[in-house]
Amino acid sequence: MRVILLGAPGSGKGTQAAGLAQQLKVARISTGDIFRDEITKKTELGTRADEYVKSGRLVPDQLVLNMVFKRLDQSDCSGGFLLDGFPRTVDQAEGLNSYLAKKSLKIDYVFYLDVSEDVLIQRLSQRRHCPGCQMVYNLLTNPPQADSVCDRCGGKLISRGDDEPNTLKKRLMVYQELTSPLVAYYKASGHFAAIDGAKVAADVAQEIAGHLGGAKI
Ligand code: AMP
């Protein structure tokens with residue numbers, strides 16, 4: 001199965017993607033995680049992406065598309081994949097369509113996590129993440145058991161640099177301008193469901209599972 005999770009920063013894509021990919025037994029591809037990893041490792045791609053990620057802008061489409069296609073060509077994606085944070089522009093969506101069409105494949109479901117800007121800002125300012133294992137916490141709704149320590153791997157939790165107020169504002173503007181048109185784009189393509197992403201994570205997961213209904217989950 002091939003699934004896209006669409007939504008603004010802070011809409012809960014990452015939280016849902018982790019559980020859903022496991023349930024569907026498909027590869028989870030988070031372009032944000034890949035960029036952060038490449039930046040940490042100081043690879044050529046990481047060095048090129050760094051300035052964009054730091055400032056809350058989108059990495060140029062061609063760089064993103066090359067990276068995603070290379071990732072989708074790997075064997076763990078042959079049984080399906082879940083895309084988290086990609087596509088983020090109409091050009092990226094068109095690029096993905098062409099890539100899939102060449103392989104006679106298609107996207108099975110697009111889930112749009114709909115969350116108001118007030119809730120997004122509140123959530124992102126309380127977000128902490130573990131740079132070691134990528135676990136994400138929210139100090140209000142999903143805090144770690146011990147202060148600033150990752151429950152899963154014991155790593156020290158930090159606030160993402162791009163969750164700082166100014167960069168955050170920029171990311172939300174970029175989302176509105178470049179990514180939100182994808183809602184109409186995918187609505188028109190069928191197998192699209194808008195989910196109330198302001199609900200607690202377990203309820204959002206249940207609603208997604210309900211849409212997948214007869215699908216293998
Ligand atoms: P995320 O973790 O998904 O919020 O992504 C963090 C940052 O990585 C974004 O603010 C962008 O700078 C970059 N990024 C992630 N995915 C994409 C994408 N599909 N297109 C362009 N830039 C991206």
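Every number for a ligand or one of its atoms is a count from 1 in the order of the listing.
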Among all protein non-hydrogen atoms, which one is nearest to [atom], and what is the separation to 0.1 Å?
atom                    : result
atom 11 (C) of ligand 1 : Arg57 O, 3.5 Å
atom 16 (N) of ligand 1 : Thr31 OG1, 2.7 Å
atom 10 (O) of ligand 1 : Arg171 NE, 3.9 Å
atom 20 (N) of ligand 1 : Gln92 NE2, 2.9 Å
atom 22 (N) of ligand 1 : Val59 N, 3.0 Å

Check this for me: does any side-chain nitrogen of one of [X] and [Y] sit under 4.0 Å from a carboxylate oxygen of the other?
X      : Y      : answer
Asp196 : Lys199 : no
Lys170 : Asp162 : no
Glu38  : Arg48  : no
Asp73  : Arg71  : no

What do you reckon, are the aromatic ring centroids of Tyr99 and Phe69 less than 6.0 Å apart? yes
Please check whether Phe86 reaches ligand 1 - meaning an N/O of the residue sits under 3.5 Å from an N/O of the ligand, judged on distance alone. no
Purely on distance, is any nitrogen or oxygen of Val64 under 3.5 Å from one on ligand 1? no
Does some non-hydrogen atom of Arg36 fall short of 4.0 Å from ligand 1? yes
From [atom], work out which of [options] has a heavy atom at the shortest distance.
atom                    : options              : result
atom 14 (N) of ligand 1 : Tyr175, Phe35, Tyr52 : Phe35
atom 8 (O) of ligand 1  : Val136, Asp84, Val53 : Val53
atom 3 (O) of ligand 1  : Met67, Arg88, Gln134 : Arg88

Kindly give the heavy-atom pair with the smallest separation between Ala201 and Thr15, and that separation in Å. CB-CG2, 4.0 Å
Using heavy atoms and a threshold below 4.0 Å, how should the contact between Asp162 and ligand 1 be classified: side chain, backbone, both, or neither? side chain
For the residue pair Arg123 and Val115, establish whether any side-chain heavy-atom pair is separated by less than 4.5 Å. yes
Decide yes or no for Asp163 and Thr167: does some side-chain heavy atom of the first lie under 4.5 Å from some side-chain heavy atom of the second? no
Linked, directly or transitively: Leu113 and Tyr186 (ILVMFWY side chains, under 4.5 Å): no
Atoms in ligand 1 with a heavy atom of Arg160 nearer than 4.0 Å: 1 (P), 2 (O), 4 (O), 6 (C)
